[in-house]
Engineer: 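Handing you this structure, nothing more for now.
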Amino acid sequence: MPELPEVETIANDIRPGLVGSTLESVRVLRADVLRGVTARRFERALRGRRVAAVGRRAKHVVIELDDEHRVVIQPRMTGSLHVSAANGASDRYVVIAADLSTGRRLVFRDVRRLGAVHLLTPAAWRRYTERLGPEPLERGFTAPRLLAALAGRGGRGGRLAVKKALMDQRRIAGVGNIYANEALWSAGLDPSRPAGTITSAEARRLLRALVAVLRRSIRGRGTTVRDYRTGTGEAGTFQSRLKVYGRAGRPCRRCGRRLVLTHAVDARATYFCPGCQR
DNA sequence: CATGACACCTGCTCGC
DNA sequence: TGCGAGCAGGTGTCAT
């Protein structure tokens, strides 16, 4: 679910309540979200640790501890994180709860439990993040770099649909289905175009579109279509500004043609305008 | 290396 | 009203 803007919002929201506080007791209620670590080991490793920093990498929330280990949380489709009063109501979807020295509680909740939680050493973190591509909002991410990223390692991804390439986290990290749809519409590009046919001029348009939609969404605290909640438990607001996602059958805001929904690209919901996306 | 099928889970919506 | 089918913003694995 959450893509880059949503995870950025979550990380920004929970940071003030976490940094500097100590994790006093940690309970894993649904061990199947843990990857590569048992509930017992996870709970013991976190207990007594102070939170040094909270960040984001692509669609992953990164909680850095004072012993340099990192807790990496991937909300995937239905995961949400937030810091609240320790006596707040709980429910059966809470996966991990950690009581803080401030008297508050950090909760990871995930209805479908497709989310993933890792506990990583510095070396494991390096390997983890190296598997992810560059981020569209990072400094120096230019149109030529976008083109190279879309082509993939060794430049062999030229036949891949540009939408699929955009969503491939090893090529570019942080973009998911909603923002891929939005950016391609904004740039006037057909989602099924092979990535290798994108020209330099089109790459410049795509990059501008991508950066603009991600920044605007962050400003709007993300897009809530159904499950996503910010780190303070609210819905985002960017859904009201979407131009194509979820608008099949309605007129294109640029050319007036009816927008189309297809599952032809990677079996994912792809919305586009047959009139002005080429 | 690319692709497509399938798996992981649960809840909600829609059509009958 | 009830029930099953299909769908959901993500990603990992497996066979081809």
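Each chain gets a letter, A, B and so on, in the order the sequences are listed, and its residues count up from 1. The model shown is predicted, which means the values in this text are computed figures rather than measured ones.
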Engineer: Among dG10(C), dG12(C), dT3(B), which nucleotide sits nearest the side chain of Glu3(A)?
Structural biologist: dG10(C)

Engineer: How far apart are the closest heavy atoms of Val107(A) and Ala97(A), and which atoms are they?
Structural biologist: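 In this case the closest contact between Val107(A) and Ala97(A) is CG2-CB, 4.4 Å.
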
Engineer: Check whether any side-chain nitrogen or oxygen of Lys59(A) sits under 4.0 Å from OP1 or OP2 of dT11(C), and answer yes or no.
Structural biologist: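 True: Lys59(A) side-chain N/O within range (under 4.0 Å) of dT11(C) OP1/OP2.
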
Engineer: Using heavy-atom distances to pick each residue's nearest nucleotide on DNA chain C, tell me which of Asp266(A) and Leu261(A) is more 5'.
Structural biologist: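 The answer here is Leu261(A).
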
Engineer: Should we say atom CZ of Arg35(A) is surrounded by more than 12 heavy atoms from elsewhere, each under 6.0 Å from it?
Structural biologist: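 Yes.
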
Engineer: Looking at His263(A), I'd like to know whether one of its side-chain N or O atoms comes within less than 4.0 Å of OP1 or OP2 on dG6(C).
Structural biologist: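 No, outside the criterion.
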
Engineer: Distance between the P atoms of dG10(C) and dC1(B), in whole angstroms?
Structural biologist: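 Approximately 24 Å lies between the P atom of dG10(C) and that of dC1(B).
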
Engineer: Grab the CZ-P distance between Arg171(A) and dT11(C) for me, whole Å please.
Structural biologist: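 Taking CZ of Arg171(A) and P of dT11(C), I get 15 Å after rounding.
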
Engineer: Paired with dC9(B): which nucleotide, if any, by Watson-Crick or G-U wobble criteria at under 3.5 Å for both distances?
Structural biologist: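 Pairing partner: none.
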
Engineer: Check every strand shown and say whether Ile178(A) touches a base, only sugar-phosphate, or nothing at a heavy-atom separation below 4.0 Å.
Structural biologist: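 Touches sugar-phosphate only.
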
Engineer: Would you say a side-chain N or O of Gln169(A) is under 4.0 Å from OP1 or OP2 of dG10(C)?
Structural biologist: no

Engineer: Starting the side chain at C-beta, find the nucleotide from dT11(C), dG12(C), dC8(B) nearest to Arg131(A).
Structural biologist: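 Closest nucleotide to the Arg131(A) side chain: dG12(C).
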
Engineer: Give the nucleotide from the list dA8(C), dT11(C), dC9(B) with an atom nearest to the side chain of Ala269(A).
Structural biologist: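 Per side-chain heavy atoms of Ala269(A), the pick is dA8(C).
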
Engineer: For Val225(A), report the nucleic acid contact type (base, sugar-phosphate, nothing); a contact means any heavy atom under 4.0 Å.
Structural biologist: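 Base, at least one base atom sits under 4.0 Å.
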
Engineer: For Gln239(A) and Tyr228(A), which I'm curious about, is there any donor-acceptor pair between the side chains at under 3.5 Å?
Structural biologist: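 On atom types as modelled, these side chains do not qualify, holding no pair under 3.5 Å.
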
Engineer: Return yes if the base of dC9(B) and the side-chain atoms of Arg112(A) contain a donor-acceptor N/O pair under 3.5 Å, otherwise no.
Structural biologist: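 It does, because a donor-acceptor pair links the side chain of Arg112(A) to the base of dC9(B) below 3.5 Å.
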
Engineer: To the nearest angstrom, how far is Asn177(A) atom CG from dT11(C) atom P?
Structural biologist: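 Asn177(A) atom CG is separated from dT11(C) atom P by 11 Å.
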
Engineer: Nearest whole angstrom, please: distance from the P of dC9(B) to the CZ of Phe108(A).
Structural biologist: 14 Å

Engineer: In whole Å, I'd like the distance from the CG atom of Leu4(A) to the P atom of dT11(C).
Structural biologist: 11 Å

Engineer: Ignoring the backbone of Leu160(A), work out which of dA8(C), dG10(C), dT3(B) is nearest its side chain.
Structural biologist: dT3(B)

Engineer: How many whole angstroms separate atom CG of Asp168(A) from atom P of dG10(C)?
Structural biologist: 13 Å

Engineer: Using a 4.0 Å heavy-atom cut-off across all strands, classify Arg30(A) as base, sugar-phosphate, or nothing.
Structural biologist: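 No contact.
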
Engineer: Just to be sure I understand the rule, does Tyr179(A) reach a base, reach only the sugar-phosphate, or reach nothing, if contact means heavy atoms closer than 4.0 Å?
Structural biologist: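 Nothing, no heavy atom under 4.0 Å.
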
Engineer: dT3(B) P sits how many Å from Arg170(A) CZ, rounded?
Structural biologist: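 Atom CZ in Arg170(A) sits about 10 Å away from atom P in dT3(B).
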
Engineer: Taking the side chain of Arg113(A) as heavy atoms from C-beta outward, which of dA8(C), dT10(B), dG10(C) is closest to it?
Structural biologist: dT10(B)

Engineer: Determine, using the 4.5 Å side-chain heavy-atom cutoff (strictly less than), whether Leu120(A) and Ile73(A) are members of one ILVMFWY cluster.
Structural biologist: no

Engineer: Dump the intermediate steps for side-chain contact (heavy atoms from CB on, under 4.5 Å) on Arg27(A) and Ile96(A), then the final yes or no.
Structural biologist: CA-CA 6 Å; Arg27(A) 291 170 313 268; Ile96(A) 297 174; over 6 Å; no

Engineer: Remember a base hit wins even if backbone is also touched, and classify His60(A) as base, sugar-phosphate or nothing at under 4.0 Å, heavy atoms.
Structural biologist: nothing

Engineer: In Å, rounded to the nearest 0.5 Å, how long is the span from OG1 of Thr9(A) to CD of Glu234(A)?
Structural biologist: 10.5 Å

Engineer: Taking the C1' atom of each, how far is dT11(C) from dC12(B), in whole Å?
Structural biologist: 22 Å

Engineer: Pick one: which of Val162(A), Leu166(A), Asp168(A), Leu160(A) meets side-chain contact (heavy atoms from CB on, under 4.5 Å) with Lys164(A)?
Structural biologist: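 Single pass found, and it is Leu160(A).
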
Engineer: Give a yes/no on whether any side-chain N or O of Gln74(A) is located under 4.0 angstrom from OP1 or OP2 of dG10(C).
Structural biologist: no

Engineer: Give the rounded distance in Å between these two atoms: CG of Asp227(A) and P of dC7(C).
Structural biologist: 17 Å

Engineer: Provide the distance between the two P atoms, one in dG6(C) and one in dA5(B), to the nearest whole Å.
Structural biologist: 16 Å

Engineer: Side chain of Tyr245(A), heavy atoms from C-beta onward: which of dT11(C), dT3(B), dA8(C) has the nearest atom to it?
Structural biologist: dA8(C)

Engineer: Within this structure, what is the CZ-to-P distance between Arg268(A) and dG4(B), rounded to whole angstrom?
Structural biologist: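 Those two atoms, CZ and P, are 14 Å apart.
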
